[in-house]
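Here is the structure we will look at, set down as structure tokens.
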Amino acid sequence: MPELPEVETIVRDLAPRVSGRTIRHPRLHKSDVLRGVTRRTFLAGITGRRIDSLSRRAKHLIFLLDSGRRMVIQLRMTGSLLVKRGRLTAEQERYAVLTAPLGGRETLVFQDVRRLGTIHLLDEPAWGTYTARIGAEPLDPGFDAAQFTAVLRGSSQAVKKVIMDQQKLAGVGNIYANEALFRAGIDPSRRADRIAGPAAARLHAAVRAVLTEAIDARGTTVRDYRTGTGQRGGFQFSLDVYDRAGEPCVRCGTLLATTHAIDGRQTTFCWHCQGAEPSGGPRRGR
DNA sequence: ACGAGGTCCTGCGAGC
DNA sequence: TGCTCGCAGGACCTCG
């Protein structure tokens, strides 16, 4: 599932290949991915437009068009984006949502098996509203431990849910939330507003470190994720807890536990390394 | 403002 | 073998 590092990888791969290119004859194969725009308006809005830049905001891909509008693609669970030279494979044909020929036998392809992904087409004011609803970028140089601590302080919900809340913090999904909490030695179910001081600073550093390392490894491929060049990422070999339930903790050897108690999402953690906090004490009986 | 639950969507694996 | 069913889950929604 593409989170911040995966989307960042796709942007780095594709930005040089799409910038300055013109969308010739786009085809929208599935209309149910559109949000806030009709099929007709969407196609009219991108046809013949030049892509001035491709960038990332949280987990969203932002195509800035020469009209000043932005095509915003959210990959969600199974979406992928690539520039394909020549003919599409049978699988790409089958799951293509949007194909946009760029000239020179190259085609921008957005494919998505489950079609939970979305496409918006936003003018400048709408983009302003859209991006304002998304929280701080965790890798922004100005996003320091004090700002992060303030985010935690603002909620009594489980810390894992808070750091995955896109309105509070941008780009962290289930994989990196699990990893960062393990690295920081923090119980995922602990109330966010009870975490401060050194523990909050540890989590702040862990979130940034795990995201940075995952970008360096070109993302995590558990199932569907592919880079902008169609390859697998490399960070799945560096995961400490995600998808490792029942396996021994890399730090202490305790068998990793799993629960769905936090927001219904799979949470994997080590009782020993994350069960107890200096200021909070262990939390059991979830 | 909170938690719980529904919705979207399809492939996959378990169970019968 | 062939069927049904539960699950995967990010973002958004409604309800109490």
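Order of the sequence lines sets the chain letters (A, B, ...), proteins ahead of strands, with each chain counted from 1. The shown structure was predicted, so the numbers you read here are calculated from the model rather than taken from an experiment.
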Scanning both residues in full, the closest heavy-atom pair of A:Leu82 with A:Gln92 reads CD1-NE2, 3.7 Å

Geometric cation-pi criterion, A:Arg251 with A:Phe182: 6.0 Å, 45°:
yes

A:Arg223 CZ to B:dC12 P: how many Å, rounded?
6 Å

Without hydrogens or angle criteria, can the side chains of A:Gln236 and A:Thr221 be said to hold a donor-acceptor pair below 3.5 Å?
no

What's the closest nucleotide to the A:Val113 side chain, out of C:dA8, B:dG11, C:dA11?
B:dG11

Using a cut-off of 4.0 Å on non-hydrogen atoms, how would the nucleic acid contact of A:Asp112 be classed: base, sugar-phosphate, or nothing?
nothing

To the nearest 0.5 angstrom, please state how far the CZ atom of A:Arg218 sits from the OH atom of A:Tyr225.
6.5 Å

Expressed in angstrom and rounded to an integer, what is the separation of A:Asp263 atom CG from B:dC2 atom C1'?
12 Å

Taking OP1 and OP2 of B:dT10, is either one under 4.0 Å from a side-chain nitrogen or oxygen of A:Arg115?
yes

At less than 4.0 Å, is any side-chain N or O atom of A:His260 found next to OP1 or OP2 of C:dA8? Yes or no.
yes

Atom NE2 of residue position A:His25 - does it have more than 12 heavy atoms of other residues, nucleotides or ligands inside 6.0 Å?
no

Indicate whether OP1 or OP2 belonging to B:dC9 is found under 4.0 Å from a side-chain N or O atom of A:Tyr95.
no

Atom CD of A:Gln167 to atom P of C:dC12: distance rounded to whole Å?
7 Å

What nucleotide, of B:dG11, C:dA8, C:dA11, holds the atom closest to the side chain of A:Arg94?
B:dG11

Without decimals, in angstroms, what is the distance between A:Asp193 CG and B:dC2 P?
9 Å

When all nucleic acid strands are considered with a 4.0 Å heavy-atom cut-off, which category describes A:Asp32: base, sugar-phosphate, or nothing?
sugar-phosphate

Whole angstroms only, please: what is the CZ-P distance between A:Arg133 and C:dC12?
6 Å

Under the side-chain hydrogen bond (donor to acceptor under 3.5 Å, both in side chains) test against A:Lys160, which residue among A:Asp263, A:Asn174, A:Asp165 passes?
A:Asn174

Does A:Arg114 place a side-chain N or O at less than 4.0 Å from the phosphate oxygens OP1/OP2 of B:dC8?
no

Could you state the CG-P distance from A:Leu75 to B:dT10, rounded to the nearest angstrom?
17 Å

Is any side-chain N or O of A:Gln74 closer than 4.0 Å to OP1 or OP2 of C:dA11?
yes

Is it the case that more than 12 heavy atoms not belonging to A:Arg232 sit under 6.0 Å from its CZ atom?
no

From NZ of A:Lys168 across to P of C:dC12 the rounded distance in Å is 13 Å

Sugar-phosphate, base or nothing in reach of A:Tyr242, heavy atoms under 4.0 Å
sugar-phosphate

Given A:Ser80, which partner from the list A:Arg226, A:Glu6, A:Gln111 fulfils the side-chain hydrogen bond (donor to acceptor under 3.5 Å, both in side chains) test?
A:Gln111

Specify the residues of residues 154-165 of chain A, ordered by number, for which at least one heavy atom lies under 4.0 angstrom from an atom of DNA chain B.
A:Ser155, A:Ser156, A:Gln157

Separation of atom CD in A:Gln266 from atom P in C:dC7, rounded to whole Å:
12 Å

